[in-house]
Number of protein chains: 2
Amino acid sequence: MSFQKVLIVDDEAPIREMIKLALELEGFTCLQAQSASEALPIIVDQRPDLVVLDWMMPDVSGLDFLRRLKRDDNTREIPVIMLTAKTEENSVVNGLDAGADDYISKPFRPRELISRIQAIMRRISKITGDGLLVVGELCLDMKGHCVFVDDQLVAMGPTEYNLLKFFMGHPDRAYSRAQLLDQVWGSNVYVEERTVDVHIRRLRKALKPAADGVDCGRFIQTVRGAGYRFSARLASL
Amino acid sequence: MSFQKVLIVDDEAPIREMIKLALELEGFTCLQAQSASEALPIIVDQRPDLVVLDWMMPDVSGLDFLRRLKRDDNTREIPVIMLTAKTEENSVVNGLDAGADDYISKPFRPRELISRIQAIMRRISKITGDGLLVVGELCLDMKGHCVFVDDQLVAMGPTEYNLLKFFMGHPDRAYSRAQLLDQVWGSNVYVEERTVDVHIRRLRKALKPAADGVDCGRFIQTVRGAGYRFSARLASL
DNA sequence: TGCATTGGTAACGATAATGTCACATTAATA
DNA sequence: TATTAATGTGACATTATCGTTACCAATGCA
């Protein structure tokens with residue numbers, strides 16, 4: 001199980017805590033730093049999967065710090081999201097030029113930050129080097145062509161496997177039955193849309209034993225009138 | 001149902017069709033008019049999100065028509081893209097002065113038009129790059145097809161979702177029941193106007209749990225005799 | 001061939017969503 | 001205040017959508 005570590009660099013503790021809280025609810029592990037000088041060793045040692053970087057810091061400017069990170073081979077790969085105030089929005093361009101992956105202007109809704117982070121996570125770390133697709137407690141081994149839930153092997157048919165593979169590669173997004181048929185079955189076959197339902201059912205059943213007790217759409221939610229959506233964790237209840 | 005409606009005003013049908021085709025591939029809904037006199041009623045009662053306006057029209061000059069739109073309170077906010085021939089390029093300045101948002105000189109590549117349109121849509125609509133519609137404490141995830149209030153997932157039916165999506169895309173403006181039926185239900189279905197009331201009620205109810213205690217039209221205000229208006233701000237009491 | 005596995009479909013029950021109504025409540029007006 | 005119109009609200013029947021099971025065809029394999 002790979003934890004997704006996020007480093008929050010901001011000099012205001014309340015903001016750090018707010019972000020931390022929101023992210024931890026979504027299953028991220030959070031690290032904190034209140035200045036650039038504090039952040040650097042953490043980045044080097046802990047290698048977070050993502051840095052959320054306030055643009056206004058006491059010691060070094062966000063832009064300078066970002067440039068430094070992107071100059072260093074060791075830290076270049078780590079994606080950065082900028083936090084900018086409304087009045088600093090012109091610096092956004094500089095930030096993006098300097099290698100930031102996204103920006104959010106304060107004040108922002110936690111939901112927005114989370115979505116951005118998830119988008120970036122999705123972009124960068126969908127598939128590990130060894131052909132593993134890991135989302136939450138689900139692990140799909142593309143080489144071995146098998147699926148683990150909480151490190152436990154679960155059996156399923158080829159179609160269910162393909163379906164799950166697609167879902168894990170495209171989480172948190174609703175797909176219509178037609179889209180799923182296109183993506184998983186192929187765009188040139190004709191099968192009834194309801195067939196998707198049946199395979200969703202089979203996939204859910206396959207994932208269920210490991211899903212502790214109640215599965216209630218733990219991984220696959222039905223979006224009534226729209227289709228189905230995969231996500232690793234239940235949206236906040 | 002897409003809420004990004006574009007009205008194409010041009011006297012040459014092939015050009016209209018070409019633009020229409022390109023835009024529909026990108027998910028826009030298209031309306032057409034071949035003259036200014038035909039365009040005006042469409043603009044008034046369908047309220048497109050954007051008007052693509054040919055500068056050379058049989059009845060009224062593009063400039064005059066544009067001025068008329070910008071004089072009227074009801075149509076002033078609707079952005080306009082001019083289509084100008086190479087030889088008319090000096091009129092671009094006049095057009096921009098009169099309130100046009102952008103221009104494209106013919107001949108143009110469809111791709112270019114779409115890019116410009118999308119740029120304008122992005123500017124005016126509150127849709128972020130990730131398909132998030134964020135207004136105040138409301139967040140509608142178009143990809144995930146779900147809604148958050150204060151970062152808390154709220155459940156609602158498809159119609160309520162569509163209604164809210166429309167409202168969030170067109171805030172601070174009152175819409176009659178007939179207009180809402182057109183925009184949300186579609187212009188070709190017949191349902192009682194009072195049905196809107198019921199769905200407004202259901203939407204309010206869905207948004208209420210998060211609306212601390214008193215919701216009293218926190219998001220959706222009724223405009224007596226006119227219809228309903230969505231706004232994230234508290235109505236001045 | 002016989003058997004097991006898988007995939008697609010139909011059918012049926014369960015559930016959610018929808019539109020409409022009746023009635024309550026509120027606002028506007030005289 | 002009395003009256004009227006507009007809106008809010010809960011309940012209902014109807015319909016649409018979804019979950020689930022059973023079944024049969026196709027496939028692969030021993």
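Every chain is numbered from 1, with letters handed out A, B, ... down the list of sequences. Side-chain atoms are counted along with the backbone in the values below, which use heavy atoms only and exclude waters and symmetry mates.
Put simply, CD on E160(B) is 9 Å from P on dG19(C), counting in whole angstrom units. Rounded to an integer number of Å, the gap from CG of L203(B) to P of dA17(C) is 13 Å. Taking atom CD on E193(B) and atom C1' on dG8(D), their separation rounds to 17 Å, with Å as the unit. Rounded to whole angstrom, the span from the OH atom of Y190(B) across to the P atom of dT18(C) amounts to 19 Å. Counting to the nearest Å, the C1' atom of dC18(D) and the CZ atom of R229(A) are 16 Å from each other. Across the protein-nucleic acid pair, I200(B) atom CD1 and dG8(D) atom P stand 8 Å apart, rounded to whole Å. Protein atom CG of L163(B) is 11 Å distant from nucleotide atom P of dT18(C), rounded to whole Å. Atom-to-atom, CD of Q221(A) to P of dG19(D) comes out at 12 Å; the value is rounded to the nearest Å.
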Enumerate the protein-to-nucleotides 26-30 of chain C contacts in which both atoms are nitrogen or oxygen and the separation is below 3.5 Å.
none

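If you check dT20(C), dT7(D), dC18(D) against the side chain of E192(B), the one that comes closest is dT20(C). Closest contact between the side chain of R177(B) and the listed nucleotides dG19(D), dT7(D), dT20(C) involves dT7(D). Taking every side-chain heavy atom of D197(B) into account, dT9(D) is the closest of dT9(D), dT18(C), dG7(C). The side chain of P158(B) sits closest to dT18(C) out of dG19(C), dT6(C), dT18(C). Closest to the side chain of H199(A), out of dG7(C), dT9(D), dA17(C), is dG7(C).
Within 4.0 Å of Y161(B), counting heavy atoms only, lies no atom of the nucleic acid at all. Note on V189(B): nothing from the nucleic acid sits closer than 4.0 angstrom, heavy atoms only.
Annotation: side chain of M168(B) is in contact with side chain of F230(B) (closest heavy-atom distance under 4.5 Å).
Under the rule for a ring pair (Phe, Tyr, Trp, His ring centres under 6.0 Å), the partners of Y175(B) that lie at least two apart in sequence or sit in another chain are F166(B). Shown here are the ring pair (Phe, Tyr, Trp, His ring centres under 6.0 Å) partners of Y228(A), two or more places apart in sequence or in another chain: there are none. Checked against ring pair (Phe, Tyr, Trp, His ring centres under 6.0 Å), Y161(A) has the following partners two or more places apart in sequence or in another chain: H145(A).
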Could you run down nucleotides 22-30 of chain D 5' to 3' and tag each one B, S or - for protein heavy-atom contact under 4.0 Å? B--------

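Distances shown here put every side-chain N or O of W185(B) at or beyond 4.0 Å from the OP1 or OP2 atom of dT18(C). Residue Y228(A) places no side-chain N or O under 4.0 Å from the OP1 or OP2 atom of dT17(D). Between T159(B) and dA17(C), a side-chain N or O to OP1/OP2 separation shorter than 4.0 Å is absent. Contact annotation: T195(B) side-chain N/O to dT20(C) OP1/OP2 distance is under 4.0 Å.
A side chain to side chain contact (heavy atoms under 4.5 Å, CB included) with M156(B) is found for one member of N162(B), L163(B), L164(B) and no other, namely L164(B). None of K165(A), R202(A), H199(A) except one satisfies the side chain to side chain donor-acceptor pair (under 3.5 Å) rule with E160(A); the exception is H199(A).
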Just do the salt bridge (charged side-chain N to carboxylate O under 4.0 Å, His left out) check on D141(B) and R173(A) with the steps written out, would you? CA-CA 9 Å; D141(B) 181 346; R173(A) 180 181 180 123; over 6 Å; no

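Side-chain N/O atoms of E17(B) and Q32(B) include a donor and acceptor closer than 3.5 Å.
The list of salt bridge (Lys or Arg N to Asp or Glu O under 4.0 Å) pairs with a residue in residues 174-189 of chain A, not counting sequence neighbours, reads R177(A)-D197(A).
Contact annotation: side chain of R204(A) to base of dG19(D), donor-acceptor pair absent below 3.5 Å.
Across every non-hydrogen atom of G99(B) and K70(B), the tightest pair is O-CE, 3.3 Å.
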